[in-house]
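Chain letters run A, B, ... following the sequence lines, proteins first, then strands; residues in each count from 1.
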There are 2 protein chains.
Amino acid sequence: MARTVNEQDYAEKRGEIIAAARRLVYSKGYEQMSIKDILDALQISKGAFYHYFSSKQDLLEGLLDQLLAEIEQILNQIIDRPDLSATAKLQSFFDTIGRWKTAQKDLFFGLLRVWYSDDNAIVRQKMETRTIQHLTPFLEALIESSVAEGRLNTAFPDQAGAIAFTLLQGLSSALVEMLLSDEPNDALWPRAARVVAAYNDAMERVLGAEPGRLQLIDVETIHEWFTGTR
Amino acid sequence: MARTVNEQDYAEKRGEIIAAARRLVYSKGYEQMSIKDILDALQISKGAFYHYFSSKQDLLEGLLDQLLAEIEQILNQIIDRPDLSATAKLQSFFDTIGRWKTAQKDLFFGLLRVWYSDDNAIVRQKMETRTIQHLTPFLEALIESSVAEGRLNTAFPDQAGAIAFTLLQGLSSALVEMLLSDEPNDALWPRAARVVAAYNDAMERVLGAEPGRLQLIDVETIHEWFTGTR
DNA sequence: ATAAATAAACCGACTGTAGGTTTATTATAG
DNA sequence: CTATAATAAACCTACAGTCGGTTTATTTAT
């Protein structure tokens, strides 16, 4: 025979290209990123690129896969903890999201404008639907267990995960819009706090949790978001 | 001076271009629609187009304005009805959305694929945020009145409108995804009914309505959606 | 061990198309 | 008449994607 595909190398190279694309998407957004940007960054030819990806969209799918895989890994770490009750895991899930964003604050805030720009609409849209599709099962399991534990109460544990995600994304959108507005932070942050409180309330009602039980984002965190340098 | 701008004519021509763009967006999606498509459809030159719009994005904004204005008009008709209580208006609001979609069923289903395609992500995204921004006040007012009427119960009437919209959009996304899937309709529709029930429940809980009071979409309607020709 | 064979990996000029600009011309209100 | 709105058409630039071709690694037959 002849030269055979080295799956290892192939995947590695593909990963490198995706990584470069990711940096570019983070810095200038998907639409603004040209294939040439990637070629320049990696010093490879067009032929090389199109050997690994059939189109720019194909590259995007790969990027989304990578992002989702990372999230799933983090989620799994929470799920696997035997010391936590299902309800605690659920809360830990929310906390982890918030903590990640805070930890990578500089990166995160730099990302915001790009991620929520018009030039990134497809990426966000696709990421949103994929997040719901892939992560809902995790949430569903936690919710079902919590219902069994008696800490949650819903007649639709199978659907509640998706609805919870919808709420989470709604909250994110609302907060991001405020963060990206021109209004001064100190005027914004009490309003942000109220938005969070409202979504918290909504989430508790939907899942049938006792008031104050579930906290999507703690007040500390949003305060920090809205008082740091933008 | 010289030839003065005829505001009337100017707006009219702009409207014509937007209308043509709208037909094209409906038939092939925003990204797939080129400026040339519009020029060909109206038999005008590029110069003419760029006299009325500064860019393709500018055109999009105009299109969104048009769409939103139509929705607002419909909403206002409901609000203005003195015979209805606030809660009845709220229900009427949901009904109207569903009835519109059913009435224009053929158009509506044809639209679905295009509207939810990747090539239309920016349009949908922008329309979503603008819908929330512009229509939330209407919902808020209805919710506040309903709370006063004692038919709803929420500590966050000011935020509940936005959250309600989030839920509506979440439900829409879920249903559309099912409608666009390859699975056969008869297998799909009981699941769709359950999704609707879950969102109904969520909405009632969030707004603090009595169970069964609020109906986002009635079962008749979705049944019709999922049994007609696709 | 070596050379022929073969397919993967890579290269970069080229193309078609699209959004947008510039420059020139026509029509019309004052 | 003339200034300007309105239109036309040639032009520019950037970009995704293609394609014929070259290099490089691996296998197989001698």
- Are the charged groups of A/E61 and A/R130 less than 4.0 angstrom apart, N to O? yes
- Going by modelled atom types, is there a donor-acceptor pair between the base of C/dG20 and the side chain of B/K46 at under 3.5 Å? yes
- Task: If the plane angle is over 60° it's perpendicular, under 30° parallel, otherwise tilted; pick one for B/W225 and B/F108.
- Result: tilted
- Note on the structure: Whole-Å distance, A/F49 CZ to D/dC19 P, equals 17 Å
- Take atom NZ of A/K13 and atom C1' of C/dC10, then tell me their distance rounded to the nearest Å. 9 Å
- Residue A/Y10, side-chain atoms from C-beta onward, closest of D/dG17, C/dA9, D/dT7: C/dA9
- Tell me which nucleotide among D/dA16, C/dT21, C/dA18 gets nearest to the side chain of A/S34. D/dA16
- Query: Rounded to the nearest Å, what distance is computed from the CG atom of residue A/D40 to the C1' atom of nucleotide D/dA14?
  - Reply: 14 Å
- Task: For D/dT7, take OP1 and OP2 only and decide whether either is under 4.0 Å from a side-chain N or O of B/S45.
- Result: no
- Query: To the nearest angstrom, how far is A/I35 atom CD1 from C/dT15 atom P?
  - Reply: 20 Å
- Task: For the pair B/R99 and B/T221, evaluate side-chain contact (heavy atoms from CB on, under 4.5 Å) and give the outcome as yes or no after the intermediate values.
- Result: CA-CA 8 Å; B/R99 223 179 305 122; B/T221 306; over 6 Å; no
- Query: Do the ring planes of B/H51 and B/Y10 sit parallel (below 30°), tilted (30 to 60°) or perpendicular (above 60°)?
  - Reply: perpendicular
- Task: Take atom OH of B/Y30 and atom C1' of C/dG19, then tell me their distance rounded to the nearest Å.
- Result: 10 Å
- Tell me: NE2 of A/H51 to P of D/dT18, nearest whole Å? 15 Å
- Item | Rounded distance in Å - OH (B/Y52) to P (C/dG20) | 19 Å
- Query: Rounding to a whole Å, what distance do you find between A/K36:NZ and C/dC11:P?
  - Reply: 14 Å
- Of the listed nucleotides D/dG17, C/dC10, C/dG20, the one nearest the side chain of A/S55: D/dG17
